[in-house]
Q: 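One structure is given below, represented as structure tokens, and several questions about it will come after.
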Amino acid sequence: MVQERTSPPPIPGRGPARADAPDAVPADAVPADGPEPTPPSTAAPAAPASEPASPSVPDAAPSSNAAPSSDAGPEAAGSGGGEREPGRVLWARVVAGVTGGVALYTAFPSLNWWPAAPIGVGLIVASLYGTRPRRAAWLGYLIALVFLLPTLAWVRPIGDDVWLMLVATEGVFYAVMAALAALVFRLRAWPLWFGGLWVAMEWARSQVPIGGFPWARLAFSQSESLFTQYAALGGAPLVSFAVAVCGALLAYAALVRPKAEGVWRRAVPAVLALAVPVLTLALPRPGDEGRTVNVGIVQGNVPGRGMGFLGDEPAVVLKNHANETKRLAQAVREGKLPKPDAVVLPENSTDIDPYQDQYAREIIQDSVRDVGVPTLIGAVVAIGEDSRATRSLVWDPVTGPGAYYDKQHLVPFGEYTPFKEIVLALWERASLVGRQSVPGDKPGDLKLGPITIGAVNCYEVAYDDTVRGTVRAGGTVLAMQANNATYALSNLPAQQLAMYKLRAVEHNRAVVAAATTGISAYIRPDGKVSWQTRELVADMNVVKVPVRTQETIATTVGAVPEWALMMMGAAAAGAAAWRGRRRGDRMRND
């Protein structure tokens, strides 16, 4: 039962609290779950004259029972007593947070309403602003569930239990970020510190547990928006930061309660929020370097669906892709397509190990000889007696298999089983992994005909270091091989296409993407899609691709912007916690 108070009783030994006093805070605006054990019926005392409390952010506590000063902020509220918020305020927070989570979902593929991302962040900030860390944490967790359940619905073909466990785990990161955000809202320029915390949260998600899960980052909702060009300056982390800061500025403008003479305090953050995406229009774009190559892209399709995409008959996937490669060769001979300089096939374009199976080797050799140019094959190959590797393999029409790249970021429970003995004992589906994959340890720069391609394998596109490493190693065209057959017609293929587009801009490289069931595509270095396939069909094409060697600032500086933004957010959270503790100590002494 929440009890609403209209005015706080006076503190013994002092006069009654005045509504116009600089530090007066309405009792019902004070969040209930903070750490300070101040008596619940007391108002926050004024700070000593030698160290005045001057929170820079205008008070946005949603109380309507008393008129707060325009200079009172969440620090003032957070340092007061333990009064509970009125029930309607808590419900307003929940509604704002849930609406913000839904808005974030709509910004991602397949809907692609990219302006909804900063709006969603703004609603999330409004939900958290002025509350205390404990309440902010569970609000943040709720927001994460609302956002991630539909955004990661593509996991469901593996099992609803896996989907729910993944979302539940990822939600913890949002809860921690929300608790820290409740602290930094007490500081000046808090939209910047909030943006740094958001970047830190996405970084942490990309690292742990079991290798991290960097999907559904804010940046991946902005693959074709006004924010996209920030990727060329600081990679995906800078794009996420820009979106988070823009949303926080929108919230700042909405939450501020200026006096008549201080309307500019609402106008300035609103203008800054609009300026954040618009500024990218002034950023220089890399120019064309005058060299192109023709690259063939093959999508062969698979016989099955979901977890059984390989079908019951072996070598069907291999034959599908070999036949589609031969169909491309025939179209070239008939003059329907230009002759390619190289051809790219998807991950798992052969379901039989060509090193160990003579029949598979003959089928691949026949199709590559027919097209007449070096071809990038995707295969799962045996490593020793018990292991395997997911391999991008260059196949020459004369000499056969040659240079290769082994996938570095492996899919847990899909390509290997973490905590194998325990998981296999508890979870029967884990046995479907079979041989355990081992990660490669070298970047994917491979000589493919007249160019050096940067091979990136499916799941890895979400990892900044993998894509950046293959470009730094000399990749002049990015070759993204994928097998999305398990997740066909879900929102995964569209999300992966969005990542391709962002990576193209981030590194000034054209992307040729080949997927077993789609979406296969050609993306220009400016992030625009020039050609793409439908899903669950066999298709092929030859596209003219610009060769780029110039590195972007993001490629050159690497993770430096990300670390700077994270440290900024962490330092702000630490400063806010220390400041709050000092204020609490002063209050207890008083």
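What you see below is based on every heavy atom in this structure, not just the backbone, and it leaves out hydrogens, waters and symmetry mates.
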Q: Can any side-chain N or O of R388 pair as donor or acceptor with the backbone N or O of V381 at less than 3.5 Å?
A: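 Checked: no pair found.
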
Q: Who are the side chain to side chain contact (heavy atoms under 4.5 Å, CB included) partners of L279, not counting sequence neighbours?
A: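 Only Y230 meet the side chain to side chain contact (heavy atoms under 4.5 Å, CB included) criterion with L279.
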
Q: Will you find, in the side chains of T280 and Q229, an N or O donor that is under 3.5 Å from an N or O acceptor?
A: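 Per modelled atom types, T280 and Q229 side chains form no pair under 3.5 Å.
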
Q: Under the side-chain hydrogen bond (donor to acceptor under 3.5 Å, both in side chains) test against T390, which residue among Q481, K407, E460, E415 passes?
A: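 Only one of Q481, K407, E460, E415 forms a side-chain hydrogen bond (donor to acceptor under 3.5 Å, both in side chains) with T390, namely E415.
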
Q: One thing to verify: whether D526 and K528 come together as a salt bridge, which I'm taking to mean a side-chain N less than 4.0 angstrom from a carboxylate O.
A: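 Here K528 does not pair with D526 in a salt bridge, since their nearest N and O are not under 4.0 Å apart.
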
Q: Name the orientation class of the two ring planes belonging to W154 and Y487 (parallel below 30°, tilted from 30 to 60°, perpendicular beyond 60°).
A: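 W154 vs Y487 ring planes: perpendicular.
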
Q: Would N483 and T516 count as having a side-chain donor-acceptor pair, cut-off 3.5 Å?
A: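 There is such a pair (donor and acceptor under 3.5 Å, judged by atom type) between the side chains of N483 and T516.
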
Q: Hey, does V477 have a side-chain heavy atom less than 4.5 Å from the side chain of V512?
A: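 Yes, side chains in contact.
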
Q: Would you indicate whether the side-chain heavy atoms of V394 and K447 approach each other to under 4.5 Å?
A: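 No; the side chains remain at least 4.5 Å from each other.
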
Q: Between S349 (side chain) and I377 (backbone), is there a donor-acceptor pair under 3.5 Å?
A: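 Such a contact is absent between S349 side chain and I377 backbone.
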
Q: CE of M566 to CZ of F241: how many Å apart, nearest 0.5 Å?
A: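 The CE atom of M566 sits 13.0 Å away from the CZ atom of F241.
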
Q: Would you call M499 and W215 a side-chain contact if the rule is heavy atoms closer than 4.5 Å?
A: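 Touching, per the 4.5 Å side-chain cut-off.
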
Q: Is any side-chain heavy atom of P525 less than 4.5 Å from a side-chain heavy atom of P546?
A: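 Touching, per the 4.5 Å side-chain cut-off.
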
Q: Is the ring pair Y174/F147 parallel, tilted or perpendicular, if the boundaries are 30 and 60 degrees?
A: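 Correct class here is perpendicular.
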
Q: Could you measure the distance from the CD1 atom of I451 to the OG1 atom of T292? Nearest 0.5 Å is fine.
A: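 Separation between the atoms: 10.5 Å.
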
Q: Checking the side chain of S240 only, and the main-chain atoms of A219 only, is there a donor and an acceptor separated by less than 3.5 Å?
A: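 Yes: the side chain of S240 pairs with the backbone of A219.
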
Q: Are R327 and Q330 close enough, and set up right, to give a side-chain hydrogen bond (donor to acceptor under 3.5 Å, both in side chains), and what steps lead you there?
A: CA-CA 5 Å; R327 195 167 76 88; Q330 182 63 30; over 6 Å; no

Q: Should L448 and L446 count as side-chain neighbours, where that means a heavy-atom distance under 4.5 Å?
A: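 SC-SC contact between L448 and L446 ruled out.
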
Q: Which of these passes side-chain contact (heavy atoms from CB on, under 4.5 Å) with Q299: T533, I519, N320?
A: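 Result: among T533, I519, N320, T533 is the only option passing the side-chain contact (heavy atoms from CB on, under 4.5 Å) with Q299.
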
Q: Will you find, in the side chains of S392 and N457, an N or O donor that is under 3.5 Å from an N or O acceptor?
A: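 Side chains of S392 and N457: pair found under 3.5 Å.
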
Q: Y405 versus V456: any side-chain heavy-atom pair under 4.5 Å?
A: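 With C-beta onward as the side chain, the pair stays apart.
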
Q: Does T228 reach the main-chain N or O of Q222 with its side chain, forming a donor-acceptor pair under 3.5 Å?
A: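 It does hold such a pair.
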
Q: Report yes or no: is the cationic atom of R205 (NZ for Lys, CZ for Arg) under 6.0 Å from the centre of the six-membered ring of F173, at an angle within 45° of the ring normal?
A: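 R205 over F173 ring: no.
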
Q: Please work out whether the ring planes of Y459 and F213 are parallel, tilted or perpendicular, with thresholds of 30° and 60°.
A: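 Tilted.
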
Q: Give a yes or no answer on whether the side chain of S520 reaches the backbone of A515 with a donor-acceptor pair at less than 3.5 Å.
A: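 Checking the backbone N and O of A515 against the side chain of S520, a donor-acceptor pair under 3.5 Å is found.
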
Q: Any side-chain donor-acceptor pair under 3.5 Å between T466 and Q408?
A: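 Not at all, the side chains of T466 and Q408 share no donor-acceptor pair under 3.5 Å.
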
Q: Establish, from distance only, whether the side-chain atoms of R361 and Q358 form a donor-acceptor pair under 3.5 Å.
A: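 Note: R361 and Q358 side chains meet the donor-acceptor criterion.
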
